[in-house]
Protein chains: 2
Amino acid sequence: MHVDALKKELRDRRWRMTPQREQILKVFIETNSEHLGAEEVYRYLLNKRINVSKATVYRTVDLLVELGFLRRLQFDEGVYRYELVDKQNKHSHFICNSCGKIYELKNELSPEFVMKEYIDLLNGNGYIVEEFDIKFRGICPKCSEKQLKKHRKSK
Amino acid sequence: MHVDALKKELRDRRWRMTPQREQILKVFIETNSEHLGAEEVYRYLLNKRINVSKATVYRTVDLLVELGFLRRLQFDEGVYRYELVDKQNKHSHFICNSCGKIYELKNELSPEFVMKEYIDLLNGNGYIVEEFDIKFRGICPKCSEKQLKKHRKSK
DNA sequence: GTACATGCAAAAGCTTTGCATCTTC
DNA sequence: GAAGATGCAAAGCTTTTGCATGTAC
């Protein structure tokens, strides 16, 4: 379980497990890793009447990135967002220009597979790729379906 | 030429051409579109003894994005960066984890080609892709070459 | 008991905005 | 001449930091 892994990782590095750290990690598990920003993590805990200061949220998400539990993301807004790292299940993001929802493209919809040959090309040209990040923008299935229905009706 | 296109675009929209707008666009042309942030554009002009206020730089880069002359980028720092849009020559970015340089992967190194089949897959699943953005991180050819030399010497 | 973590408020960094003044059309 | 653009300073946001207090080991 994630929380136990965090305890182990902190112990190994001679850092300390605290209720705040546990609660903040749990927010990402409970929300199904919904690309929350620090402010949202803070509000989520406030709502649950769990007292953690904003400064601690910021310090802790940094720590969790450092330890490999979270990944830091940007979606062309003014804030950093975070998601749980799942090394077995790499994914890319699709942001809907209509409803704003962020989708995770994983498994059979993951671009990992097609990218392999391209990364070989980069390697062949001297670039050593350590990680990559792809973001798509467009219209998601739900929104395009909606528009289609509207269009049909208007005929 | 870019500046003329800007004049035309502004005239068409009943907006005004000003020396500041021309100068700011020219910064990107003169620097070969080096992913500058607003602060850097401001300093570049200061150095050339061209007086433009920071507020105008911010307002103008926004405008130039709006008009399709610039693209706004983020590289996991706290600032927005901008580059000239070149529709004929789409490219992705490679950021070196060692020296920090941002490379543009274009032409035969562009991932555009391999992405085509993947985008077809997304389309087939209801996602309408309007744009995408790929960032790679790793070690650039120069830095990996340097490390190789160091390694050889130390033997 | 001590080193480390937290909370609070203040500061910092980037970006936006209100308003008076100036400029383009 | 009027609508729009600029410059300045102030304000707004998100994120970071200093320091006193609290807590895990």
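Convention: sequence-line order gives letters A, B, ...; per-chain numbering from 1.
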What is the separation between atom [atom1] on [X] and atom [atom2] on [N], rounded to the nearest whole Å?
X	N	atom1	atom2	result
Q23(B)	dT6(D)	CD	P	12 Å
F75(B)	dC14(C)	CZ	C1'	17 Å
L10(A)	dA3(C)	CG	C1'	15 Å
K54(A)	dT16(D)	NZ	P	13 Å
R21(B)	dT24(C)	CZ	P	11 Å

Using a cut-off of less than 4.0 Å, is there contact between a side-chain N or O of [X] and OP1 or OP2 of [N]?
X	N	value
T18(A)	dT6(C)	yes
S53(A)	dT6(C)	no
Q20(A)	dT23(D)	no
Y58(A)	dT15(D)	yes

From [options], nucleotide with atom closest to [X] side chain:
X	options	result
V52(B)	dA9(C), dG7(D), dT6(D)	dG7(D)
R16(A)	dA9(D), dA24(D), dC14(C)	dA24(D)
W15(B)	dT15(C), dA5(D), dT6(D)	dA5(D)

Taking the nucleotide of DNA chain D with the nearest heavy atom to each, does V57(B) or R14(B) sit closer to the 5' end? R14(B)
Taking the inter-plane angle between the rings of F136(A) and Y118(B) on a 0 to 90° scale, is it parallel (under 30°), tilted (30 to 60°) or perpendicular (over 60°)? tilted
Please determine if K48(A) forms a cation-pi arrangement with Y44(A), meaning its NZ or CZ atom is less than 6.0 Å from the six-membered ring centre and no more than 45° off the ring axis. no
Using a 6.0 Å distance limit plus a 45 degree cone around the ring axis, check whether K116(A) lies over the aromatic ring of F113(A). no
Exactly one of L36(A), L73(A), L70(A) clears side chain to side chain contact (heavy atoms under 4.5 Å, CB included) with E83(A), and that residue is L73(A)
dA5(C) base to R59(A) side chain: any donor-acceptor pair below 3.5 Å? no
E39(A), CD atom: more than 12 neighbouring heavy atoms under 6.0 Å: yes
